[in-house]
**Q** 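Starting off with a structure, shown below.
Along the sequence shown, residues are numbered consecutively beginning with 1.
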Amino acid sequence: MAALNDLVSTPVIQAPMAGGASCPALAAAVSEAGGLGFLAAGYKTPEAVRDEVRRTRELTARPFGVNLFMPQPDTADPAAVEVYRGQLAGEAVRYETALGATDGGTDDAFDAKVALLTAEPVPVVSFTFGCPTREVVDAFRRVGTYTVVTVTSPAEALAARDAGADAVCAQGVEAGGHQGTHRDDPELDGAGSGLLALVTEVREAAGLPVVAAGGIMRGAQIAAVLAAGACAAQLGTAFLVCPESGANALHKRAMTDPRFTRTELTRAFSGRPARGLVNRFMHEHGRYAPAAYPRVHYLTAGLRKAAAAAGDPQAMALWAGQGHRLARDLPAARLVAELDAELAAVRSELTHAPTGVARP
């Protein structure tokens with residue numbers, strides 16, 4: 001099977017961003033530019049995923065990937081979820097919408113999506129929120145699909161290696177959106193490792209190729225993670241603002257809006273730690289949100305949609321990495337070219353740097 005770097009001409013991977021940003025137009029544009037575009041299967045039906053895969057194939061003949069959410073254990077405390085429902089009652093009144101039912105499935109139709117992607121294989125499949133079994137990895141290997149498991153610790157990387165994964169995506173705590181931890185432990189909220197340390201730890205522990213993800217917005221940062229041992233860099237926030245991205249326009253503008261000065265990890269919108277721009281909703285409700293993913297996601301889905309429809313970013317999940325202020329409103333192909341040029345400039349500078357300090 002080809003190595004990951006054989007599929008691209010530049011070590012730039014567009015992160016799969018569930019919720020609409022990672023659409024066929026964006027994935028295809030990144031792949032056409034020499035990077036690796038990704039579709040996000042999370043929260044979509046298998047039929048919708050199939051349609052997006054086929055649409056992406058119409059837009060590009062280049063390799064691309066699909067990300068799957070792993071099934072989640074149903075460990076939510078129903079009483080805690082109902083208490084949070086009461087906490088959000090005022091929000092329902094504010095946005096004139098009902099709070100969502102919380103009895104949706106916790107497996108994100110994983111088996112059906114695996115069946116789809118082994119019947120209609122794509123070059124790369126990645127996994128978030130856990131590690132697939134060896135049987136699942138082997139099924140993808142038999143159809144020629146390269147597998148990547150998102151990890152946030154050396155222990156998770158070892159689990160991915162033991163399952164037979166081809167590579168891991170080391171997600172630093174700087175990353176926007178959900179933390180891809182394999183087990184959601186509230187006692188570890190905010191305890192994730194920074195990206196550069198994590199890349200080295202994961203590479204030395206598991207010995208697998210490492211994709212680095214978390215706060216990367218410039219070619220110089222790509223050079224840094226490559227120097228730390230990564231084979232490629234995965235960028236989400238950087239691509240979220242591209243015109244091809246399917247993200248809401250309010251979300252795109254918020255990346256560089258001076259009203260939003262910082263990011264935090266919060267359970268407010270989904271019940272699982274995720275990094276986003278600090279807005280009113282996060283500030284007022286984050287401390288009360290239970291560890292109840294995806295129950296809280298279902299509970300707040302209508303509120304988030306209503307806030308977007310009302311043009312109010314203060315109750316939207318504005319997922320963003322720590323580097324969000326560095327976002328550039330560029331077409332995806334041009335952004336890939338800019339990142340590649342910045343990476344080349346750093347490599348050239350290092351190649352021609354003096355090896356010692358001249359003596360007077």
Side-chain angles (χ1 to χ4, degrees), residues 15-20 22 38-46 48-49 66-85 99-117 125-137 139-140 147-153 155-157 159-160 162-163 165 168-169 171 173 175-192 213 265-276 286 289-302 304 317 319:
M17 296 171 280
S22 297
F38 253 96
L39 299 174
Y43 309 134
K44 294 186 176 77
T45 65
V49 175
V66 176
N67 175 258
L68 299 178
F69 284 174
M70 292 296 301
Q72 298 299 291
D74 192 6
T75 58
D77 179 356
V81 174
E82 288 308 302
V83 169
Y84 194 51
R85 180 185 293 276
L99 294 169
T102 59
D103 55 356
T106 60
D107 67 349
D108 200 49
F110 179 78
D111 290 342
K113 291 173 184 177
V114 169
L116 164 70
L117 294 172
V125 167
S126 67
F127 305 88
T128 300
F129 298 153
C131 184
T133 64
R134 179 171 283 276
E135 288 74 19
V136 168
V137 173
F140 280 114
T147 54
V148 184
V149 176
T150 304
V151 302
T152 62
S153 70
E156 292 175 352
D162 292 344
V168 293
C169 177
Q171 184 197 46
V173 74
H178 285 95
Q179 294 287 291
T181 51
H182 292 189
R183 185 170 66 91
D184 184 13
D185 184 350
E187 294 186 3
L188 297 179
D189 282 5
L265 289 169
T266 186
R267 293 180 182 270
F269 297 102
S270 72
R272 215 180 203 277
R275 183 174 297 282
Y293 177 86
R295 303 301 184 194
V296 173
H297 165 78
Y298 298 138
L299 181 68
T300 67
R304 290 178 275 126
W319 302 140

**Q** Give me the atom names and distance for the closest heavy-atom approach of Ala268 to Tyr84.
**A**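 Closest heavy-atom pair between Ala268 and Tyr84: O-OH, 2.8 Å.
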**Q** In the structure I gave you, are the side-chain heavy atoms of Met70 and Phe110 within less than 4.5 Å of one another anywhere?
**A**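 The answer is yes; the side chains approach within 4.5 Å.
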**Q** Quick check: does any side chain N or O of Tyr298 sit under 3.5 Å from a backbone N or O of Gly105, one acting as donor and the other as acceptor?
**A**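 At least one qualifying donor-acceptor pair exists.
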**Q** Any Lys/Arg nitrogen of Asp103 or Arg295 sitting under 4.0 Å from an Asp/Glu carboxylate oxygen of the other?
**A**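 Looking at Asp103 and Arg295, the cut-off is not met.
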**Q** Write down the atom of Ser126, the atom of Phe38, and the distance for their closest heavy-atom approach.
**A**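 Nearest pair, atom of Ser126 first, then Phe38: OG-CE2, 3.4 Å.
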**Q** Test the Arg267-Tyr293 pair against the cation-pi criterion, namely NZ or CZ under 6.0 angstrom from the six-membered ring centroid and within 45° of the ring axis.
**A**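 Negative - Arg267 is either too far from the ring of Tyr293 or too far off its axis.
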**Q** Side-chain contact test, heavy atoms from C-beta onward, threshold under 4.5 Å: evaluate it for Asp189 versus Gln179 and give yes or no.
**A**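 Side-chain contact under 4.5 Å: no.
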**Q** Pair Cys169, Thr150 - check side chain to side chain contact (heavy atoms under 4.5 Å, CB included), show working.
**A** CA-CA 5 Å; Cys169 177; Thr150 304; 4.3 Å; yes
**Q** Side chains of Arg275 and Thr266: donor-acceptor distance under 3.5 Å anywhere?
**A**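 Thr266 and Arg275 do not have a side-chain donor-acceptor pair below 3.5 Å.
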**Q** Do His182 and Phe129 have ring centroids that are under 6.0 Å from one another?
**A**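 No, the ring of Phe129 stays outside the 6.0 Å limit from the ring of His182, centre to centre.
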**Q** Apply side chain to side chain contact (heavy atoms under 4.5 Å, CB included) to Gln171 and Val151, showing your working.
**A** CA-CA 6 Å; Gln171 184 197 46; Val151 302; over 6 Å; no
**Q** Looking only at heavy atoms, what is the nearest atom pair of Gly271 and Asp184, with distance?
**A**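 Taking every non-hydrogen atom into account, O-OD2, 3.7 Å.
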**Q** With side chain to side chain contact (heavy atoms under 4.5 Å, CB included) as the test, would you mind laying out the steps for Leu117 and Phe140 before giving the verdict?
**A** CA-CA 8 Å; Leu117 294 172; Phe140 280 114; 3.7 Å; yes
**Q** With side-chain contact (heavy atoms from CB on, under 4.5 Å) as the test, pick out the partner of Phe69 among Thr106, Asp108, Asp107.
**A**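 The single option meeting the side-chain contact (heavy atoms from CB on, under 4.5 Å) with Phe69 is Asp108.
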**Q** Determine whether Val114 and Pro132 make a side-chain contact, defined as any pair of heavy atoms from C-beta on separated by less than 4.5 Å.
**A**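 No; the side chains remain at least 4.5 Å from each other.
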**Q** Rounded at 0.5 Å granularity, tell me how far CG in Leu299 sits from OG in Ser270.
**A**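 If I round to the nearest 0.5 Å, the distance is 11.0 Å.
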**Q** Identify the two heavy atoms, one from Ala15 and one from Ser22, that lie closest to each other, and give their separation to 0.1 Å.
**A**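 Heavy-atom minimum between the residues: O-OG, 3.1 Å.
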**Q** What pair of heavy atoms forms the shortest contact from Arg304 to Ala317, and how long is it?
**A**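 Residues Arg304 and Ala317, closest heavy atoms: CD-CB, 3.9 Å.
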**Q** Within a strict 4.5 Å, meaning less than it, do heavy atoms of the His178 and Met17 side chains meet?
**A**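 No, too far: nothing below the 4.5 Å cut-off.
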**Q** Output yes when a side-chain donor or acceptor of Lys113 lies under 3.5 Å from a complementary backbone atom of Lys44, and no otherwise.
**A**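 Side chain of Lys113 to backbone of Lys44, a donor-acceptor pair under 3.5 Å: yes, one is there.
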**Q** Side-chain contact, heavy-atom cut-off 4.5 Å: Val148 with Phe127?
**A**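 Contact flag for Val148/Phe127 side chains = no.
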**Q** If we only count heavy atoms from C-beta on, is the Thr128 to Leu68 side-chain gap below 4.5 Å?
**A**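 Result no, sub-4.5 Å side-chain heavy-atom pair not found.
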**Q** Ignoring hydrogens, what is the shortest heavy-atom contact between Thr147 and Ala165? Give both atom names and the distance.
**A**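 Nearest pair, atom of Thr147 first, then Ala165: OG1-CA, 3.6 Å.
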**Q** Measure from the side-chain N and O atoms of Glu156 to the backbone N and O of Thr152, and report whether any donor-acceptor pair falls under 3.5 Å.
**A**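 At least one qualifying donor-acceptor pair exists.
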**Q** Step by step, work out the side chain to side chain contact (heavy atoms under 4.5 Å, CB included) result for Val173 and Leu265.
**A** CA-CA 9 Å; Val173 74; Leu265 289 169; 4.0 Å; yes
